[in-house]
Amino acid sequence: LLVAGYVLAGLSWLRASHRARLASAGHLSRWWFVGAVLLFLLAFNKQFDLRVHFEQGFRALAKAGNWYDRRQPIQFVLAVVLPSVLAVFVGIFLATKVRVFVRCHPLALVGWLLLLLYLGLRQTQEWKPMLPWLASLRYYDWRLALELAGTLLVILAALIAHPPTARVG
């Protein structure tokens with residue numbers, strides 16, 4: 001069901017990209033298209049559970065390199081540090097390059113932030129010491145609602161989008 005949601009979201013973002021291009025709002029069209037590509041990648045990841053394949057690859061790499069017993073620091077970097085650094089970069093990117101798009105489509109921003117929060121929390125599960133903290137938040141009770149809400153908001157943002165006819169900012 002969530003795969004279909006991501007595909008529907010990607011299609012609605014492609015449609016919004018096309019509408020923005022037709023309305024001479026090409027500067028917004030590009031961000032709709034980038035979002036569509038990301039949503040299709042999320043659908044692909046959800047369908048084929050790529051996280052498990054990456055996990056198996058890193059496990060094999062650690063065993064082959066004889067550092068499997070000392071993998072906790074690497075897991076911390078991949079599960080906590082990397083998503084945190086990427087979140088900072090996404091924030092900077094949203095505040096600078098995508099500012100006009102975000103101002104015109106605040107539901108898209110909220111939807112993407114919910115999806116990024118879901119993905120970040122999902123990734124922290126890979127660092128086993130984080131599991132008690134996630135359990136204390138009852139993360140497993142509301143994680144699907146978080147992902148579903150983000151998906152629905154990005155779909156809604158694309159469906160109600162009316163691109164401006166003149167370039168803003």
Side-chain angles (χ1 to χ4, degrees), residues 1-58 74 76-127 139 142-169:
L1 183 63
L2 287 170
V3 174
Y6 282 129
V7 170
L8 178 62
L11 291 172
S12 62
W13 276 59
L14 273 178
R15 182 174 171 259
S17 172
H18 180 70
R19 285 191 339 234
R21 198 173 333 106
L22 291 177
S24 300
H27 62 290
L28 296 179
S29 173
R30 138 186 63 195
W31 299 119
W32 286 115
F33 182 77
V34 168
V37 169
L38 292 173
L39 288 162
F40 287 129
L41 287 173
L42 286 171
F44 186 79
N45 178 51
K46 185 65 91 173
Q47 178 66 32
F48 297 106
D49 202 7
L50 297 181
R51 187 187 57 78
V52 171
H53 299 292
F54 282 116
E55 182 181 306
Q56 291 170 350
F58 278 113
I74 301 297
F76 176 74
V77 169
L78 291 175
V80 177
V81 175
L82 183 61
S84 299
V85 169
L86 289 174
V88 169
F89 281 126
V90 166
I92 291 168
F93 188 71
L94 288 173
T96 57
K97 298 289 185 187
V98 194
R99 184 179 62 231
V100 171
F101 179 84
V102 168
R103 283 185 186 158
C104 292
H105 308 289
L107 281 180
L109 173 65
V110 174
W112 276 108
L113 289 176
L114 290 176
L115 286 173
L116 289 173
L117 177 60
Y118 164 76
L119 292 170
L121 289 172
R122 177 75 177 93
Q123 183 59 29
T124 60
Q125 290 179 195
E126 299 308 312
W127 190 52
Y139 166 70
W142 51 266
R143 68 183 174 148
L144 292 177
L146 183 65
E147 185 178 18
L148 185 59
T151 306
L152 290 174
L153 284 175
V154 296
I155 292 170
L156 183 61
L159 293 177
I160 66 171
H162 297 288
T165 54
R167 186 176 175 126
V168 178

Looking at G10 and A36, what are the two nearest heavy atoms and their distance? O-CB, 3.5 Å

Could you go through residues 110-122 and list every donor-acceptor pair under 3.5 Å that involves a side-chain atom there, pairing it with any protein atom two or more places apart or in another chain?
from : atom 1 : to   : atom 2 : distance (Å)
Y118 : OH     : K46  : NZ     : 3.3
Y118 : OH     : E147 : OE1    : 3.3

Atom NE2 of residue position H53 - does it have more than 12 heavy atoms of other residues, nucleotides or ligands inside 6.0 Å? yes

Okay, side chain of W32, backbone of R19: is any donor-acceptor separation there less than 3.5 Å? no

Would you please name every residue forming a side chain to side chain contact (heavy atoms under 4.5 Å, CB included) with F54, sequence neighbours left out? L50

Sequence neighbours excluded, the answer for side chain to side chain donor-acceptor pair (under 3.5 Å) partners of S17 is S29

When rounded to the nearest 0.5 Å, the distance separating OH of Y6 from CZ of F44 is 15.0 Å

For the residue pair F33 and R21, establish whether any side-chain heavy-atom pair is separated by less than 4.5 Å. no

List for me each residue that meets ring pair (Phe, Tyr, Trp, His ring centres under 6.0 Å) alongside F40, sequence neighbours excluded, and say none if there are none. none

Under the side chain to side chain donor-acceptor pair (under 3.5 Å) test, residues paired with R51 that sit two or more places apart: E55, E126

Residues 76-95 side chain polar contacts: donor-acceptor under 3.5 Å, at least two apart:
from : atom 1 : to  : atom 2 : distance (Å)
S84  : OG     : V80 : O      : 2.7

How would you list, by chain and number, every residue that makes a ring pair (Phe, Tyr, Trp, His ring centres under 6.0 Å) with F58, sequence neighbours excluded? none

Please round to the nearest 0.5 Å and tell me the distance separating atom OG1 of T151 and atom CG of L156. 12.5 Å

Check the orientation of F101 and H105. Use parallel for under 30°, tilted for 30 to 60°, and perpendicular for over 60°. tilted

Report the residues that fulfil side chain to side chain contact (heavy atoms under 4.5 Å, CB included) with L159, sequence neighbours left out, ordered by chain and then residue number. S12, R15, I155

Less than 4.5 Å apart, side chain to side chain, heavy atoms only: is that true for L2 and L144? yes

